[in-house]
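Side-chain atoms are counted along with the backbone in the values below, which use heavy atoms only and exclude waters and symmetry mates. Within every chain, numbering begins at 1; the chains are lettered A, B, ... in the order of the sequence lines, protein sequences first and strands thereafter.
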2 protein chains.
Amino acid sequence: MNVSSAATLFKALSDETRIRMLHLLARSGEELCVCELTDALEVSQYNISRHLKVLVQAGLLDRQKIGRWVYFRLPESRSPFLEAILQAIASLDTDITQRDLAELEKRLQLRTNGRCTIGIQKTHLLGRK
Amino acid sequence: MNVSSAATLFKALSDETRIRMLHLLARSGEELCVCELTDALEVSQYNISRHLKVLVQAGLLDRQKIGRWVYFRLPESRSPFLEAILQAIASLDTDITQRDLAELEKRLQLRTNGRCTIGIQKTHLLGRK
DNA sequence: TGCTTAGTTGCGTAATTATGCATATAATAT
DNA sequence: ATATTATATGCATAATTACGCAACTAAGCA
């Protein structure tokens, strides 16, 4: 980890939606697809998608496509630097983060065989008409 | 610590100069004045001053004026969240951070009675003609 | 061979940020 | 008081970022 990549990493973390996504991934221990994150956070689908791209490019998330769904998870191997920051984010406990976890909990119960099999349920968050 | 202030904090950290300043403050254990930071980092005086302001406003630094000099130090009381991040920054060890520490070391030897008594030595970094 | 669905991305616009230059403020010294 | 010195900041410009909208790709199904 050098100064430049640390600055890039912090820049990727300098957004509320991205912090909330990482918090959910860290606390749930799950890998989550775009539509699950969209429903849990109640942010428009195209914004979720763009924020996820920022996190992947910063090395904060791994991406895996399964069928029509794309799953994101925290990288298995993390530097001490990254681990410390993810721990800090996971420790966030406020109205918003509690709500996010509760919404995700509900959403994860719609999985079948441990996988998401449906799209976005909160249709006003769709990135198309 | 809530999501919004975490985002603000990370935004304040999303700049190389600001990370280098925090790194010096954490590793040296000293409080440092504007001209010492300017000489150590070799960044123009007005930019050092502006970056310091960002860090103070984000709650990452305390400011104390002594005579004509203004000293900055890490806050004595830190949340676990902040402590984890400062530890991570202090652990940075690269060409740049080693050089910064060496330059600061040299600069601190110009103190008398543990205080800076001179201005910027690298005159090309001054914010005036 | 389409049609539907999960996700991505280009474009335009608005907001924010960094930096150089010049100047302002504030404390000390002559 | 006036000049000097340490630090801060207003202004202009350039670069970056976020977001809504719309269109696009890609995978599975009829």
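- In this structure, Y71(B) and R115(B) have side chains that are in contact, with non-hydrogen atoms separated by less than 4.5 Å.
- Every side chain to side chain donor-acceptor pair (under 3.5 Å) that Q98(B) has, sequence neighbours left out, goes to D93(B).
- Of the residues in residues 9-19 of chain A, not one comes within less than 4.0 Å of DNA chain C through any heavy atom.
- For residues 99-109 of chain A, every residue pair satisfying the side-chain hydrogen bond (donor to acceptor under 3.5 Å, both in side chains) rule, not counting sequence neighbours, is listed here: R20(A)-D100(A), D39(A)-R107(A), E42(A)-R99(A), E103(A)-K106(A), E103(A)-K122(A).
- Regarding L52(B), its CG atom lies at a distance of 11 Å from the P atom of dT9(D), rounded to whole Å.
- Rounded to an integer number of Å, the gap from I120(B) CD1 to dT4(D) C1' is 15 Å.
- Annotation: proximity of residues 101-115 of chain B to DNA chain C (heavy atom, distance under 4.0 Å) is found for no residue.
- At whole-Å resolution of the value, CD in Q121(A) and P in dT5(C) are 12 Å apart.
- Residues Q45(A) and C35(A) are not in side-chain contact: their nearest non-hydrogen atoms beyond the backbone lie 4.5 Å or more apart.
- The side chain to side chain donor-acceptor pair (under 3.5 Å) search around S44(B) returns N47(B), not counting sequence neighbours.
- Non-hydrogen atoms lying under 4.0 Å from DNA chain D are contributed by K65(A), G67(A), R68(A), all within residues 58-75 of chain A.
- Computed from coordinates, the I48(A) CD1 to dG20(D) C1' distance equals 15 Å when rounded to whole Å.
- Here the straight-line distance linking atom CZ of F10(B) with atom CD1 of I89(A) works out to 4.5 Å at 0.5 Å rounding.
- We find that CE of M21(A) is positioned 11 Å from P of dA18(D), with the value rounded to whole Å.
- Q57(B) has its CD atom 13 Å from the C1' atom of dT17(C), to the nearest Å.
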Could you go through nucleotides 9-14 of chain C and list every protein N or O atom that sits under 3.5 Å from one of its N or O atoms, giving the distance for each pair?
| from | atom 1 | to | atom 2 | distance (Å) |
| --- | --- | --- | --- | --- |
| dT9(C) | OP2 | K53(A) | NZ | 3.1 |
| dG10(C) | O6 | R50(A) | NH1 | 2.7 |

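- The side-chain heavy atoms of E36(B) and L110(B), taken from C-beta on, include no pair separated by under 4.5 Å.
- Between L37(B) and V43(B) the shortest side-chain heavy-atom distance does not fall below 4.5 Å.
- For the segment residues 29-41 of chain A, the set of residues with a heavy atom within less than 4.0 Å of an atom of DNA chain C comprises C33(A), V34(A), C35(A), in numerical order.
- The only option from V70(B), T38(B), L52(B), L25(B) that meets the side chain to side chain contact (heavy atoms under 4.5 Å, CB included) definition with L32(B) turns out to be L25(B).
- Between atom NE2 of residue H124(A) and atom CG of residue L126(A) there is a gap of 9.0 Å, rounded to the nearest 0.5 Å.
- Between H51(A) and dT17(D), a side-chain N or O to OP1/OP2 separation shorter than 4.0 Å is absent.
- Under the side chain to side chain contact (heavy atoms under 4.5 Å, CB included) criterion, S91(A) pairs with F81(B), not counting sequence neighbours.
- Here I85(A) contributes atom CD1 and Q87(B) contributes atom CD; the two are 12.0 Å apart, rounded to the nearest 0.5 Å.
- In this structure, CG of L126(B) is placed 13 Å from P of dC21(C), rounded to the nearest angstrom.
- T8(A) pairs by the side chain to side chain contact (heavy atoms under 4.5 Å, CB included) definition with nothing, not counting sequence neighbours.
- Listed here is the closest heavy atom pair of T17(A) and L41(A): O-CD1, 4.2 Å.
- Annotation: side chain to side chain donor-acceptor pair (under 3.5 Å) contacts of E30(B) (sequence neighbours excluded): R111(B).
- Within the structure, the side-chain hydrogen bond (donor to acceptor under 3.5 Å, both in side chains) test picks out the following pairs touching residues 59-68 of chain A (sequence neighbours left out): Q64(A)-R73(A).
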